[in-house]
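Reading through the structure tokens given below for one structure.
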Number of protein chains: 2
Amino acid sequence: VVENETQAAIVRSLCRAGVPLSRQRLGSELRLGRNTLGAELRRLAELGLVEEGDAEPSNGGRPSRRVRIPRDAGLIAALDIGGSSIDVAVTTLTSEVIAAASAPSLLADGPETVLSRAYTLVDELLDEHGLGADAIRAVGVGVPGPVWEQAGDTFSPPAPSRWDGYPIRAAVAERFSTPTFVDNDANVMAIGEHLRGAGRGVDDFLFVKLGMGIGAGIVSGGRLVRGAVGGAGELGHVVVEPGSDVVCPCGNAGCLQAFVGGPGLARAAEAAADDGSSPELRAIREQKQAPLEPADLAAAATAADPAALAIVRAAGRRFGSALAATVSLLNPALIVLGGGIVGLGDTFLAEIRTTVYRQSLPLATRNLPIVRTELGAGVGVIGASAAAAQHALFSVPTYDRTSA
Amino acid sequence: VVENETQAAIVRSLCRAGVPLSRQRLGSELRLGRNTLGAELRRLAELGLVEEGDAEPSNGGRPSRRVRIPRDAGLIAALDIGGSSIDVAVTTLTSEVIAAASAPSLLADGPETVLSRAYTLVDELLDEHGLGADAIRAVGVGVPGPVWEQAGDTFSPPAPSRWDGYPIRAAVAERFSTPTFVDNDANVMAIGEHLRGAGRGVDDFLFVKLGMGIGAGIVSGGRLVRGAVGGAGELGHVVVEPGSDVVCPCGNAGCLQAFVGGPGLARAAEAAADDGSSPELRAIREQKQAPLEPADLAAAATAADPAALAIVRAAGRRFGSALAATVSLLNPALIVLGGGIVGLGDTFLAEIRTTVYRQSLPLATRNLPIVRTELGAGVGVIGASAAAAQHALFSVPTYDRTSA
């Protein structure tokens, strides 16, 4: 795609920034002289990868013209594969979402089925928007579990399944014939938040995804903490009740995820509807004629149903407690929460904050904002797109994928 | 000390290795041509920092002469400041311990008192061995709590005290008039274990110190995870019993340290002696006419005293549970345990291993040795010495202290 590492570095910087950058800024960031930078920019313009933007507002000296990535320089397909759904998007090279779609899909259906659904979604998006498949220059993928780079980017979800050790990057790269980046979804979201969201300029932070499962993307010193076999950040499988009889799909008992993940919360809501402790949840279930979901719990809590509120508060405390342990271990400067369960609302968030502030070292919480993702539900695809641009498309073989 | 970054890199490599290295190895490691390397080695020899060693065993080609750091190139003073004792050592530049001493000392006595005791210990060691203070070329210090580099290497222990925010590096550097490195003791021990112990060649591992307090040095991708304000690794302050009335010096209730740290274990031993459940501990206390310590618990457990064994097993389970959570979060390839409490023995270690293997994700424990430090009680001073050589003595201002 590019001809040398200097060109790759220039394009990566522009993708990272997502906004036009002045030549001056690019030159100082990449330690390139004016002439070298100028020559490589000319070549990149011929390749259609950069174009002149507007002039930077002058501060007295000669105005520096800004350069940017043209919107038609190419597209990235971003796939966020979850436990019960797939989100896909087609984005610009700077991770601006052009089109997006979602579909329910159970991870447990296995690699062929799940990936072919994702491919269909991408194909449909391209069709709808009159875009050719050849415009896709890279693919970024987030998956709900450990991805082991040294084994060739294989995916092994915590629950035993046909995915275990599946060479996912190779499969996706072959389907699209493009550079492809695959990582754990929470890692990909942390990359997105670092480049475009609340984590901008923060080198030590934690992104926690609360959805069907619970996972963390750990950024330390500006780099992702990946672990020996890509298994870092598996917060959902921290055992919070060793003696519990609530078994987690991973095989252990008493995992955080079994209580605070989507299925655990739905189970608690069902129980409260069954035993009559929550008239609100019972009414919702009768009205929708379908099993309760976490969103129903949020609705009941908003309607001040005491049993629903109690479930939400207990979930916040339990999650907050595990998060507090994480804070004592990692001392992040910021915690960003994303994923559907964050929709449980302000009571949930308040309970999490209170618990973290109470159960962590004062030093570590003196200045520790706990916020919702700034990227909303799109954090997964934006992160996957940004990660693909940084670590797959414009890279040389020696790239360092640990950088967030 | 050295004249340029190339010389610094050469001496750092030799300190890191701790054994003579061939020119070939040095050249390829540092990407230096034969001529440049030769010139800098000659200059370093003039400075007394390297000397020729023996020739590398020939493998057919021209034998490459090995170079090493002369034993008289200078000394490092290493201080391991604990909650209730100080260990000091005088080492070679390659962290070989020449002389060592210890003394009881309460951290709570505050900076002036504790540091002046440490200085006295070093002075006495130098005197005893007929060494001049001017032979000390660098000082390395480990302290039991967070050290915040960006605030000028200030030390803020978890328990409020006169140390809070104390500019410890500046104080020690002024006393010895040498480059000085200060970090959290578990971090320093992790550096020592990485360079000289079980962590050699392992880029993702955890060093956990179990002593008066409990702290972890986290190495991820070959770098130390330090956290936003140096507070990473505070495993001892993970709250393991939220509703507990056991208050920790940090101010929170139910911290791991309050149960498994030295004082907590001593308290449990005393209780078992008091209520008669442990005849062995009562006998030991009567014999020594002093309050019980963790070592007495180990003795009673070795004598198969059921109550002592139960305390040791419960401590192992509790610690193992917190360690399992850490494994789920960080996915280390190795866990190394150090500190006095590890002396509780094999029952303790067996309980820790069982709990970690049971409560962590199978993926993360498939290949996860949990071992005792290879450096024994000296891990703190060896680590402090190695860290001083790497990060203070032979460095340029842009050194990256995150490298383990």
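FYI, side chains are in, hydrogens and waters are out, and symmetry mates aren't considered; it's all heavy atoms of this structure. Naming convention: chains lettered A, B, ... in sequence-line order (proteins, then strands); numbering from 1 in each chain.
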Legend entry - Contact leader toward chain A among Ala216(B), Pro242(B), Ala324(B), Gly215(B), where contacts are heavy-atom pairs under 4.5 Å: Pro242(B)
Legend entry - When Ala364(B), Ala228(B), Ser156(B), Pro158(B) are compared by non-hydrogen pairs under 4.5 Å with chain A, the top option: Ala228(B)
Legend entry - Side chain / backbone / both / neither for Ile218(A) at chain B, heavy atoms under 4.5 Å: side chain
Legend entry - Segment of Asp203(A) engaging chain B (4.5 angstrom heavy-atom cut-off): neither
Spacing of [X] atom [atom1] and [Y] atom [atom2] [to the nearest 0.5 Å]:
X	Y	atom1	atom2	answer
Leu363(B)	His237(A)	CG	NE2	10.5 Å
Leu361(B)	Cys248(A)	CG	SG	8.0 Å
Ser360(B)	Glu234(A)	OG	CD	11.5 Å

Check each atom of [X] against the heavy atoms of chain A and say whether the ones under 4.5 Å are side chain, backbone, both or neither.
X	result
Ser220(B)	side chain
Ser321(B)	side chain
Asn367(B)	neither
Leu330(B)	both

Just so I understand: if I count every heavy-atom pair under 4.5 Å between each of [options] and chain B, which residue has the most?
options	result
Gly221(A), Ala325(A), Pro362(A)	Ala325(A)
Leu329(A), Val239(A), Leu334(A)	Leu329(A)
Asp164(A), Asp204(A), Val327(A), Leu235(A)	Asp204(A)

Inset, instruction - Spell out, as yes or no, whether a donor-acceptor pair under 3.5 Å connects the side chain of Asn331(B) to the backbone of Gly233(A). - result: no
Legend entry - Over 12 foreign heavy atoms within 6.0 Å of CZ, Arg317(B): yes
Legend entry - Distance-minimising heavy-atom pair for Gln359(A) and Asn252(B): C-ND2, 3.8 Å
